[in-house]
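Here the structure is laid out as structure tokens; the discussion comes afterwards.
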Number of protein chains: 2
Amino acid sequence: MKTISEKTIERLIIYRGLLLNLVSDKVKNIFSHQLATMTGFTSAQIRRDIMSIGYSGSPVRGYDIQNLIKSLGEFIDGEEKQPVALVGLGHVGRAVLDYLKGRRPKLEITASFDDDPAKVDRVFQGCMCYHVNDLEKIIEKENIKVGIIAVPADEAQSVAERMANAGIKGILNYAPVKLNIPSGIYVENRDMTLAVEKVAYFARTASE
Amino acid sequence: MKTISEKTIERLIIYRGLLLNLVSDKVKNIFSHQLATMTGFTSAQIRRDIMSIGYSGSPVRGYDIQNLIKSLGEFIDGEEKQPVALVGLGHVGRAVLDYLKGRRPKLEITASFDDDPAKVDRVFQGCMCYHVNDLEKIIEKENIKVGIIAVPADEAQSVAERMANAGIKGILNYAPVKLNIPSGIYVENRDMTLAVEKVAYFARTASE
DNA sequence: ATAACGCTGTTATTTTTTTCACAATTTAAT
DNA sequence: ATTAAATTGTGAAAAAAATAACAGCGTTAT
Ligand SMILES: NC(=O)c1ccc[n+]([C@@H]2O[C@H](COP(=O)([O-])OP(=O)(O)OC[C@H]3O[C@@H](n4cnc5c(N)ncnc54)[C@H](O)[C@@H]3O)[C@@H](O)[C@H]2O)c1
Ligand SMILES: NC(=O)c1ccc[n+]([C@@H]2O[C@H](COP(=O)([O-])OP(=O)(O)OC[C@H]3O[C@@H](n4cnc5c(N)ncnc54)[C@H](O)[C@@H]3O)[C@@H](O)[C@H]2O)c1
């Protein structure tokens, strides 16, 4: 199968989210141009993206919503449920934990870690908080491949290294630092300062 | 001046953040290939980006760190301080407010809004929380052009419309919905589910 | 002075991503 | 059956982004 770009994956995820929100008994099908209006992408882009996962619609009828959701799901999520580890139960960690809870059946934060005695060994949102010392042990035992970093900036690198050692293959990093880890591990950075600065730049220059 | 792409802006912001973190009296200059190692971009890319804001380094010496930070700052931030409005003081809103506090001199959340009586008319991190009913009034009075949305998903569209009405030009949206607002307003979406799904996808497929 | 070095600035090239445009196809109407 | 209508799937074109390549220059060593 041809490799799919990061941008395409992002759009596919957007389509799936959108479709999940409009499931109804009334409408069974949807056209690429409708998805285009809803997302702001072009219809050609959408047809191409959907083509790339091997799903086919029908001319005249468009795409069958239920089947498309199913195909997108298989492509994005794979077969098995993916457990996720979260490190750092501060503001950000808690928001993330609350938010993901029950939202995607195939993704669940099954283990969290902190080094604050007030948090360790308690259960948050149904998720056990372990001491960060046990990180490798738990991640290996539960065969977790996805990690979220929500610790202060100067702890992030060390957490990332330990995740890498424990066999994590993808990291979502909320700390505002570039992580230095072996290639082969996918890292997605979500730096809030960057986001605000970017919006501020376009807000400022748009009006000139 | 030629218009600068979104991707370039993101990288410029990354360079600036990085340089701010390594300010020291020891090292005065930096080479494009050093920035390349630190960021993971190529040196050619970096020279090109820096060129695009009109800054020039010196052969042999590379870039003067202080001057480069200054040029990047002028380009990214502009002259004047930019006030920012935050709507929704839940988990996400609070994290954002705490986090941005004092981090960028030119960016400050000067007004926040909620509809929860327990929060309205109180001060959080030095930032006044107004009732969301007064949104237009305050935003217009303080001439705010940048807004952050951190309210529940089904409130986001209405908040966005009110922001647009009040003259906001850029929105950072943490709610997992596509906002429908007039063109000319820049919108940056930060959907956490999307981020986790993306990382999970690459974690899963990388190891195959 | 001058030569050698190693960098930047910038043009050219390549690669990737998006858009265009239309033949093929399915359905519904006649 | 035949026609008309409207959409998909996709090759081709265009646009955007990244990389490569190197001339020219400032610095340093000699
Ligand atoms: N991307 C964003 O939107 C955003 C917003 C705010 C903050 N941040 C960043 O996210 C990170 C967390 O922010 P926060 O506001 O939640 O901070 P916080 O201080 O509220 O939470 C940090 C948590 O990590 C725990 N911790 C500290 N060191 C640890 C370690 N070595 N191992 C395990 N746990 C450890 C602390 O006990 C605490 O519970 C910071 O790096 C911050 O800069 C990002
Ligand atoms: N992008 C992310 O990383 C991420 C993570 C978690 C949550 N979220 C999203 O961010 C948003 C906020 O999440 P949260 O966990 O902070 O939720 P929350 O419920 O903790 O906070 C929402 C806040 O908005 C206020 N509010 C509600 N309606 C309002 C209105 N009409 N006007 C003004 N204020 C109003 C509430 O009083 C509350 O203080 C949600 O849309 C959620 O889906 C995003």
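Every chain is numbered from 1 and lettered A, B, ... according to where its sequence line falls, protein lines coming before strand lines.
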Would you mind telling me which of B:R48, B:Q45, B:R47 makes a side-chain hydrogen bond (donor to acceptor under 3.5 Å, both in side chains) with B:S32?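 With B:S32 as partner, B:R48, B:Q45, B:R47 yield a single side-chain hydrogen bond (donor to acceptor under 3.5 Å, both in side chains), made by B:R47.
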Would you call the rings of B:F113 and B:Y130 parallel, tilted or perpendicular if under 30° counts as parallel and over 60° as perpendicular?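 Ring orientation of B:F113 relative to B:Y130: tilted.
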Take the protein atom [atom1] of [X] and the nucleotide atom [atom2] of [N], then report the distance between them rounded to whole Å.
X	N	atom1	atom2	value
B:R11	D:dA17	CZ	P	9 Å
B:I9	D:dA17	CD1	C1'	15 Å
A:M51	D:dT8	CE	C1'	11 Å
A:H33	D:dT7	NE2	C1'	8 Å
A:K28	D:dT7	NZ	C1'	20 Å
A:I46	D:dT8	CD1	C1'	13 Å
A:D49	D:dG9	CG	C1'	13 Å
B:I4	D:dA16	CD1	P	14 Å

Does atom NZ (B:K106) have a neighbourhood of more than 12 heavy atoms from anything else shown, all under 6.0 Å?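 For B:K106, atom NZ is crowded (more than 12 foreign heavy atoms under 6.0 Å).
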Do [X] and [Y] meet the criterion of a side-chain donor-acceptor pair at a distance under 3.5 Å?
X	Y	value
A:Q82	A:D77	no
A:D98	A:Q125	yes
B:Y201	A:E6	no
B:Y63	B:N29	no
A:T193	B:R103	no

If you pin B:G57 and A:Q45 to their nearest nucleotides in DNA chain C, which one's is more 5'?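 Going by which nucleotide is closer to the 5' end, it is B:G57.
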In terms of the nearest nucleotide of DNA chain C, which residue is placed more toward the 5' end: A:E6 or B:F31?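 Result of the comparison: B:F31.
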Show the numbers, then the answer: is there a side chain to side chain contact (heavy atoms under 4.5 Å, CB included) between B:L179 and B:V177? CA-CA 6 Å; B:L179 302 175; B:V177 289; 4.0 Å; yes
With sugar-phosphate meaning primed atoms plus P, OP1 and OP2, does [X] contact a base, only sugar-phosphate, or nothing at under 4.0 Å between heavy atoms?
X	value
B:F41	nothing
A:T8	nothing
B:S32	sugar-phosphate

Take nucleotides 20-30 of chain D nucleotide by nucleotide from the 5' end and write B, S or -, depending on whether a protein heavy atom sits under 4.0 Å from the base, only from the sugar-phosphate, or from neither. BB---BBSS--
Range on DNA chain C touched by chain B - first to last nucleotide, heavy-atom distance under 4.0 Å: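 Contact boundaries, 5' end first: C:dG6 to C:dA12.
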